[in-house]
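Below, chain A is the first sequence line, B the second, and so on; all start at residue 1. Remember, predicted model here, so these are calculated numbers, not experimental data.
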There are 2 protein chains.
Amino acid sequence: MATRAGTGRQARGGETGAAGPDSRGGTPAPVPQRLMAAATRLFAEQGYDRTSVQEIVEAAGVTKGALYHYFGSKDDLLHEIYGRLLRLQQERLDLLAEREAPVEERLRQVAADVVVTTIENLDDAMIFFRSMHQLSPEKQKQVRAERRRYHERFRALIEEGRRAGVFSDATPADLVVDYHFGSVHHLSSWYSADGPLTPQEVADHLADLLLRALRP
Amino acid sequence: MATRAGTGRQARGGETGAAGPDSRGGTPAPVPQRLMAAATRLFAEQGYDRTSVQEIVEAAGVTKGALYHYFGSKDDLLHEIYGRLLRLQQERLDLLAEREAPVEERLRQVAADVVVTTIENLDDAMIFFRSMHQLSPEKQKQVRAERRRYHERFRALIEEGRRAGVFSDATPADLVVDYHFGSVHHLSSWYSADGPLTPQEVADHLADLLLRALRP
DNA sequence: AATCACATACCGACTGGTTAGTCTGCTCGG
DNA sequence: CCGAGCAGACTAACCAGTCGGTATGTGATT
């Protein structure tokens, strides 16, 4: 349904294969990917509203006709960026949460992992929390729903740890989740690859702060 | 240069007196305040770029002539909103940090206070975190510098506590500061006055999480 | 193997609408 | 009578999205 046939929307193409939009001199990446990459960079640099469709297509080396062939609207591009990040993080959360390990160890891994993947996709993350409100209300609702699922999965881990008696229950679990995700969102406004800390180090520290705060 | 001779900039007027833009039927609030109040509300609701100057002046019951009489540009309005919040929080931080009390008590109060004042000015805060990058580079630099002063003052408290042996030094102090302010920034995306928690309760919980994370 | 039918992929000029900021001039208190 | 305070028409720029058109490929029919 999604791809060809009727409307040529919803690109998404090669999630596998080379990471960059153009993996060296060989064949250039497909047009939809080039558009997504250009939009991501420009949205992160200038903001959504300040980036014109014209700029995006020029950066991707195509024209408006191509963009509107693959995407329904400018705001579709934004929605795809969100989808990409959310799918990635949800997938990793599910993977880690189901492991065999003490709950405090699983929470630590999950808390650190979301930090690492956020830093590794810092442009996406920056766009995420800056431009959410610029999505159409309908798409916004959808994104929020997915986000909530993520938070609930995370909260479930905290509650599991409480029942097991390894976490304090001094603070409502929702608040603890928001406390941690606040710091995750905030990453894009201070983390720099030039800084002294690697993504993994930052992640370990932040996860450690969370676990320390939860000590009984 | 920008405006006319006398540069009628920098409104700011009655910081004292009635809080609202129009304190009941009597005399309406002065035009600059009405403009600031209207701009604050609209920026928070729709975002900076999506709010037209025309909307602002209509909401304030004046015309463009009035706005450009008092403010140099649309982005000046934004800058004033930042200034208002930053001045308020800096002032309160200085006040609390200089009190006579054990350092852990002072940190707790400071950490909670910034949460309360953020919630009490949630529109300002939301605009702050969403629209920073829409300021002119020059004004952005200025705001960042003020923000940094605030963070450094906060960090100094943590370091004082470490020297006194009451805080753990497992995590770099900068990271701890960013951890806490992440959650403060994040407030505007989840806190609701209709929720079960009062601002003070949220503040106490968040301050508690910080202090718990810092236990040696 | 040549032709036809049809779809995908893309081009780029164009449209209708919006925007920040300017400018001239009115009004009214002192 | 003068200037601060403001009105509101105006300008020059810009922008998302549309649309008619072209090129290329593919499968079926002759």
Side-chain angles (χ1 to χ4, degrees), chain A residues 1-14 21 27-36 38-39 42-43 46-80 131 134-136 139, chain B residues 1-14 21 27-36 38-39 42-43 46-81 131 134-136 138-139:
Chain A
M1 267 302 126
T3 42
R4 36 202 70 218
T7 58
R9 308 293 178 64
Q10 298 306 72
R12 199 167 301 167
T27 40
V31 169
Q33 271 85 333
R34 295 217 310 270
L35 284 166
M36 284 282 284
L42 290 167
F43 289 166
Q46 321 178 347
Y48 177 78
D49 277 322
R50 302 202 162 184
T51 301
S52 70
V53 170
Q54 193 58 44
E55 280 179 288
I56 297 171
V57 298
E58 271 165 24
V62 293
T63 61
K64 284 191 174 190
L67 192 153
Y68 284 99
H69 180 72
Y70 292 107
F71 300 92
S73 63
K74 185 186 174 187
D75 129 299
D76 239 35
L77 230 26
L78 195 55
H79 191 225
E80 269 302 308
S131 308
Q134 281 150 343
L135 270 179
S136 74
K139 293 192 184 109
Chain B
M1 263 343 77
T3 43
R4 31 197 74 239
T7 67
R9 304 291 185 66
Q10 302 307 72
R12 198 165 303 167
T27 41
V31 170
Q33 272 84 335
R34 295 216 311 270
L35 284 166
M36 283 281 285
L42 289 167
F43 289 166
Q46 321 176 346
Y48 177 78
D49 277 322
R50 301 204 162 182
T51 302
S52 70
V53 170
Q54 194 58 42
E55 280 179 287
I56 298 172
V57 297
E58 271 166 24
V62 294
T63 60
K64 284 189 170 192
L67 192 152
Y68 284 97
H69 180 72
Y70 292 107
F71 298 92
S73 63
K74 185 186 175 187
D75 129 299
D76 238 35
L77 231 26
L78 194 55
H79 191 224
E80 269 302 310
I81 293 173
S131 309
Q134 280 149 345
L135 271 179
S136 74
E138 185 193 347
K139 294 192 183 107

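- In this structure, Tyr68(B) places its OH atom 20 Å from C1' of dA4(D), rounding to the nearest Å.
- Summarising the geometry, the separation between CG on Leu67(A) and P on dA9(C) is reported as 14 Å, rounded to the nearest angstrom.
- Regarding Phe71(B), its CZ atom lies at a distance of 14 Å from the C1' atom of dG5(D), rounded to whole Å.
- The side chain of Tyr70(A) has dC10(C) as its nearest neighbour among dC10(C), dC6(D), dG21(C).
- Using modelled atom types, one finds no donor on one side chain facing an acceptor on the other under 3.5 Å when comparing Asp75(A) with Gln134(A).
- A distance of 9.5 Å separates CZ of Phe43(A) from CG of Asp49(A), quoted to the nearest 0.5 Å.
- Side-chain proximity of Ser73(A) to the nucleotides dG21(C), dG17(D), dG12(C) is greatest for dG17(D).
- The residue Thr63(B) sits close to a base: some heavy atom pair falls under 4.0 Å.
- Here the side chain of Lys74(B) is nearest to one of dA20(C), dA4(D), dC11(C), namely dA20(C).
- Atom-to-atom distance recorded for Leu35(A):CG and Glu80(A):CD is 12.0 Å, nearest 0.5 angstrom.
- Summarising the geometry, the separation between CG on Leu42(A) and P on dA16(D) is reported as 12 Å, rounded to the nearest angstrom.
- Taking the ring centre of Tyr48(B) as origin, the terminal cationic atom of Lys74(B) falls inside the region bounded by 6.0 Å and 45° from the ring axis.
- In this model, the phosphate group of dA9(C) is approached by a side-chain N or O of His69(A) to a distance below 4.0 Å at OP1 or OP2.
- Rounded to an integer number of Å, the gap from Asp76(B) CG to dA20(C) C1' is 13 Å.
- A straight line from CD of Gln54(B) to P of dA20(C) spans 9 Å, rounded to a whole angstrom.
- In this structure, Arg50(B) and Ala66(A) both approach DNA chain C, and ranking their closest nucleotides by distance from the 5' end singles out Ala66(A).
- In this model, no side-chain donor or acceptor of Lys64(B) finds a partner on the base of dA7(D) within 3.5 Å.
- In this structure, the CD atom of Glu58(B) is 17 Å from the P atom of dC6(D), given to the nearest Å.
- The distance from atom CG of Leu78(A) to atom P of dG17(D) is 12 Å, rounded to the nearest whole Å.
- Asp76(B) CG to Ser136(B) OG: the interatomic distance, rounded to the nearest 0.5 Å, is 8.5 Å.
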